[in-house]
Amino acid sequence: MAEHGGLHSMCLNKVDCHSSSSSEQESEIFTKLKVSLTEDYPQKNAEILSGQYGTNLLLIGVSLMLVIGNNGASVKEEHLLSFITTLIIVQLLWMMWYIVRRGMQSNLQAEKDVHATTSWIKGGLTLLALLSLIMDVFNIGYFVGYRSCLSAVLVVYPIIHATHTIAQVHFLWFHIKDVIKSFETFERFGVIHAVFTNLLLWCSGVMSEANHLLNHHNTRLTALGFENLTMVDMEPHCNCTISACSVFVNGLYYLYPFNIEYHIFVSVMLFVMWKNIGRTLDLQHNRKRLATKTQGLVVGPILGLAALASTIGVLVVYIIHVEESLDIRESTIAIFYYYGIVMLVLMCSAGVTGLLIYRADPMPMDTTKNPSRKLDTELLFGSSVGSWFISWCSVVAVSASRSSPSYRWTNLIYSLLSILEKYIQNLFIIESLYRQREDGEREDAEVAGPAPEIFSVTSSLSPPYNGIINQAYENPDNGCVTLENVQESGQVNGCPQKHLEVPRQVENNVEVTPSKKSQILKNIAVFLFMCNISLWILPAFGCRPQYDNGLEEETFGFTTWTTVLNFAMPITLFYRMHSVACLFEVFQRV
């Protein structure tokens, strides 16, 4: 019985031990679950959650635009503008909260990503913002002229948009480089809200410009005798009460391209800020770049200015003569294609020259983490798709079309060169951005301060020493200390110097060759910079032969081809302007 009881008591103790250990395990699991739900989960998944939130905001706005584009009576422009105005106000409240909170933490030094943007990009965005403010003034003037038959939303929206533009430019100048380390989940939602608000404003501008161009295109076709074309009445159903209404209406469509580029570039910069939230910076590579030299910049700027001047001439000729008779219209379109072929051939040649220079002097790639550079590369490739899509459609149309206008085969050559040019330019830009800088070691040396001349190349001829050795103390009988690595003539401490025969030709090669190479690369970057500005100007201000040549429209049909252009043309315009920004970065790096 006693043994029985002892065994029973031992079993009870084991049960108690087992139950206590299991309860401890359960408490540990609960604690881990609690920590993961309260800390780890939001930090790890905030990027996905905020991204889904922003994407749905954009899809709501785009769905409203599609209904308006179909002239649906249930959804009007006022509803879309009310939705966008609400998003803008929310972004203004977030930016105000962020700026005030940063001001209260002025004693803490905020981490900044120096690669997030540059002063010239912020200056360019400020210029685009000023033109957007002028557009808002024109919109207010347009409302004043037609106020008897327009909704009040059409005057509230430009006022809120102007306030948003001013506040956003201030935010970009002083906070876009911030690396946020507190309130990370909340700030992710705030930044991504700003990103997709600007994307929605970009889509709204693209839709308005596309509607204007489509109506203008239909007006041209009607004047040439085409029938059964759908015209959308965009004018209010009342008379303007001021004399400047036509100025406001015509001026708006010349300002839309700048407003469109402003919003897409702001969304890109804010996206970099969103990617930087919670990031640990590599202080070794997070340094400002030294000022770039501009010696030898002659050929690139001259050819670039010539390209820009010819672009303006082609634009003026195209806009004036494309609406005239059929023969003059064909000649005008042919002039555009001849101009485009020459431009693309020169751009391809410049890009190939730059790549050959890189092949002749291989350098390792810079693999350090840089969200801004990675995003530039992805956008460069992604935005190329729009132009490639249009070009391949043109190739198919030229091959399948039954008509044979004078510009048929020049259109084919232009389309193929456009595809090739982006291949070459993308390779040149990406390799330039990721190529390790040759002056990396010199930058470190300049930051640390100039090294004494005694540690020059010729010092390798003397035996190595660990530390500083006073040769006069070690050789008291020898009154002169010889410095064999001093290159200048004369005496040191009354002692004659011993000159070394260092081959000067080798030294000259080390200095001159990289300088000539960098000058060639800088001229290439400047030339491509100006060419991309030129190729942005033409379609941005109405020079779009894809609408006017008739080949693609005949092959794909009016509705399908218009849809393709409305989708791909804004992406093509963004590619050109984004290439401009990347090429300026290349100019600073080489």
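As a basis for the values below, the full set of heavy atoms in this structure was taken, side chains included, without hydrogen atoms, waters or symmetry mates.
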Task: ring pair (Phe, Tyr, Trp, His ring centres under 6.0 Å) partners of Y337, counting only residues at least two apart - done: Y414

Task: is_close_aromatic(F174, H170), centroid dist under 6.0 Å - done: yes

Open item on the list: Within the structure provided, determine whether L380 and I430 are in side-chain contact (heavy-atom separation under 4.5 Å).
Closed with: yes

Open item on the list: Distance alone, cut at 3.5 Å: any donor-acceptor contact between the side chains of H212 and E209?
Closed with: no

Tell me which donor-acceptor pairs under 3.5 Å the side chains of residues 535-543 have, and how far apart each pair is, sequence neighbours excluded?
from : atom 1 : to   : atom 2 : distance (Å)
W536 : NE1    : E261 : OE2    : 3.2

TODO: Please tell me if the side chains of F189 and H193 come closer than 4.5 Å, counting only heavy atoms from C-beta onward.
DONE: no

- [ ] Look up atom CG in L131 and atom OG1 in T126, then write down how far apart they are to the nearest 0.5 Å.
- [x] 11.0 Å

TODO: For I533 and V580, work out which heavy atoms get closest and say how close.
DONE: CG1-CG2, 3.6 Å

Task: Nearest-0.5 Å distance that lies between atom OG1 in T332 and atom CD1 in I319 - done: 11.5 Å

Task: Heavy-atom closest pair, residues F138 and V247 - done: CE2-O, 4.0 Å

Open item on the list: Whether the T562 and Y547 side chains hold a donor-acceptor pair (N or O, under 3.5 Å, no angle test) is what I'd like checked.
Closed with: no

Task: H263 side chain reached by L200 side chain, heavy atoms, under 4.5 Å - done: no

TODO: Could you pull out all residues at least two apart from F389 that satisfy ring pair (Phe, Tyr, Trp, His ring centres under 6.0 Å)?
DONE: none

- [ ] Check M269 against L172 and note the closest heavy-atom contact, atom names and distance.
- [x] CE-CD2, 4.3 Å

Task: Full working for side-chain hydrogen bond (donor to acceptor under 3.5 Å, both in side chains) between N549 and E330 - done: CA-CA 8 Å; N549 63 33; E330 287 190 3; over 6 Å; no

Open item on the list: The test is side-chain contact (heavy atoms from CB on, under 4.5 Å); show your working for K275 and K374 and say whether it passes.
Closed with: CA-CA 11 Å; K275 294 293 289 184; K374 182 182 177 183; 5.9 Å; no

Open item on the list: Would you say that N566 contacts T563 through its side chain, given a criterion of any heavy-atom pair below 4.5 Å between the two side chains?
Closed with: no

- [ ] Would you check if I328 and S325 make a side-chain contact, meaning some heavy-atom pair closer than 4.5 Å?
- [x] yes

Task: Heavy atoms from other residues, nucleotides or ligands near CG of N239 exceed 12 (cutoff 6.0 Å) - done: no

TODO: Using the six-membered ring wherever Trp is involved, compare the ring planes of Y142 and Y146 and label them parallel, tilted or perpendicular (cut-offs 30° and 60°).
DONE: tilted

Open item on the list: List the residues meeting side chain to side chain contact (heavy atoms under 4.5 Å, CB included) with R147, not counting sequence neighbours, and say none if there are none.
Closed with: F143, V144, T241

- [ ] List in chain and number order the residues that pass side chain to side chain contact (heavy atoms under 4.5 Å, CB included) with V156, two or more places apart in sequence or in another chain; answer none if no residue qualifies.
- [x] I160

Task: N523 vs P301 side-chain heavy atoms within contact, under 4.5 Å - done: yes

TODO: Sequence neighbours left out, what passes side-chain hydrogen bond (donor to acceptor under 3.5 Å, both in side chains) with S148? Give chain and number order.
DONE: none

Task: Exam field: side chain R329 to backbone V322, donor-acceptor pair closer than 3.5 Å - done: yes

- [ ] Check the pair Y423 / L427 against side-chain contact (heavy atoms from CB on, under 4.5 Å), numbers first and verdict last.
- [x] CA-CA 6 Å; Y423 266 99; L427 283 174; 5.6 Å; no

Task: Exercise: identify the closest heavy-atom pair between N259 and S132 - done: OD1-OG, 3.1 Å

- [ ] Could you tell me whether a side-chain N or O of T410 sits under 3.5 Å from a main-chain N or O of Y407, the two making a donor and an acceptor?
- [x] yes

Task: Donor-acceptor contact below 3.5 Å, side chain K522 vs main chain F587 - done: yes

- [ ] Check the pair D178, R102 against side-chain contact (heavy atoms from CB on, under 4.5 Å), reporting the backbone distance first and the verdict last.
- [x] CA-CA 10 Å; D178 291 354; R102 280 292 180 191; 3.7 Å; yes

TODO: Mark yes when over 12 heavy atoms from residues, nucleotides or ligands other than W120 sit less than 6.0 Å from its CH2; otherwise mark no.
DONE: yes

Open item on the list: Testing the 3.5 Å rule here: is there a donor-acceptor pair between the side chains of S418 and W388?
Closed with: no

- [ ] Could you tell me which residues satisfy ring pair (Phe, Tyr, Trp, His ring centres under 6.0 Å) with H175, sequence neighbours excluded, listed by chain and number?
- [x] Y98, F171

Open item on the list: Working note: E552 + I390, criterion side-chain contact (heavy atoms from CB on, under 4.5 Å); need CA distance, chi angles, decisive distance, verdict.
Closed with: CA-CA 10 Å; E552 293 88 354; I390 293 175; over 6 Å; no

- [ ] Please answer whether the main-chain N or O of S267 pairs with a side-chain N or O of N198 as donor and acceptor at a distance below 3.5 Å.
- [x] no

Task: Atom pair SG/CZ of C582 and R373 - distance to nearest 0.5 Å - done: 12.0 Å

TODO: List the atom of G123, the atom of W173, and the distance in Å for their closest heavy-atom pair.
DONE: N-CZ2, 3.8 Å

- [ ] Answer whether the closest heavy-atom distance between the side chains of L420 and L344 falls below 4.5 Å.
- [x] no

Task: Closest approach of A400 to T555 (non-hydrogen atoms, all atoms of both residues) - done: CB-CG2, 4.3 Å

Task: Under 3.5 Å side-chain donor-acceptor pair for S387 and K422 - done: yes

Task: Reported CE-to-CG distance for the pair M96 and L92, which is rounded to 0.5 angstrom - done: 7.0 Å

Open item on the list: Distance check, rounded to the nearest 0.5 Å: N411 atom CG versus W409 atom CH2?
Closed with: 10.5 Å

Open item on the list: Please check: side-chain N/O of S63 versus main-chain N/O of L59, any donor-acceptor pairing under 3.5 Å?
Closed with: yes

- [ ] Please identify each residue that fulfils side-chain hydrogen bond (donor to acceptor under 3.5 Å, both in side chains) with T165, with sequence neighbours left out.
- [x] none

- [ ] Name all residues meeting the ring pair (Phe, Tyr, Trp, His ring centres under 6.0 Å) criterion together with W561; count only those two or more places apart in sequence or in a different chain, and write none if there are none.
- [x] F556

Task: Rounded distance (nearest 0.5 Å) linking atom CD1 of I68 with atom CD of E77 - done: 6.5 Å

- [ ] Could you list all the salt bridge (charged side-chain N to carboxylate O under 4.0 Å, His left out) pairs where at least one residue sits in residues 192-201, not counting sequence neighbours?
- [x] none

TODO: Using only heavy-atom distances, determine whether the side chains of D548 and Y318 contain a donor-acceptor pair under 3.5 Å.
DONE: yes

Task: Residues forming a salt bridge (charged side-chain N to carboxylate O under 4.0 Å, His left out) with R576, sequence neighbours excluded - done: E421

Open item on the list: For S403 and E554, which I'm curious about, is there any donor-acceptor pair between the side chains at under 3.5 Å?
Closed with: yes

TODO: Kindly say whether V398 contributes a backbone atom to a donor-acceptor pair with the side chain of S401 at under 3.5 angstrom?
DONE: no

Task: Of all pairs that satisfy side chain to side chain donor-acceptor pair (under 3.5 Å), the ones with a partner from residues 84-93, not counting sequence neighbours - done: Q91-H164, Q91-Q168

Open item on the list: Checking the side chain of S310 only, and the main-chain atoms of A307 only, is there a donor and an acceptor separated by less than 3.5 Å?
Closed with: yes

TODO: Indicate yes or no: at least one non-hydrogen side-chain atom of L81 is less than 4.5 angstrom from one of L154.
DONE: yes

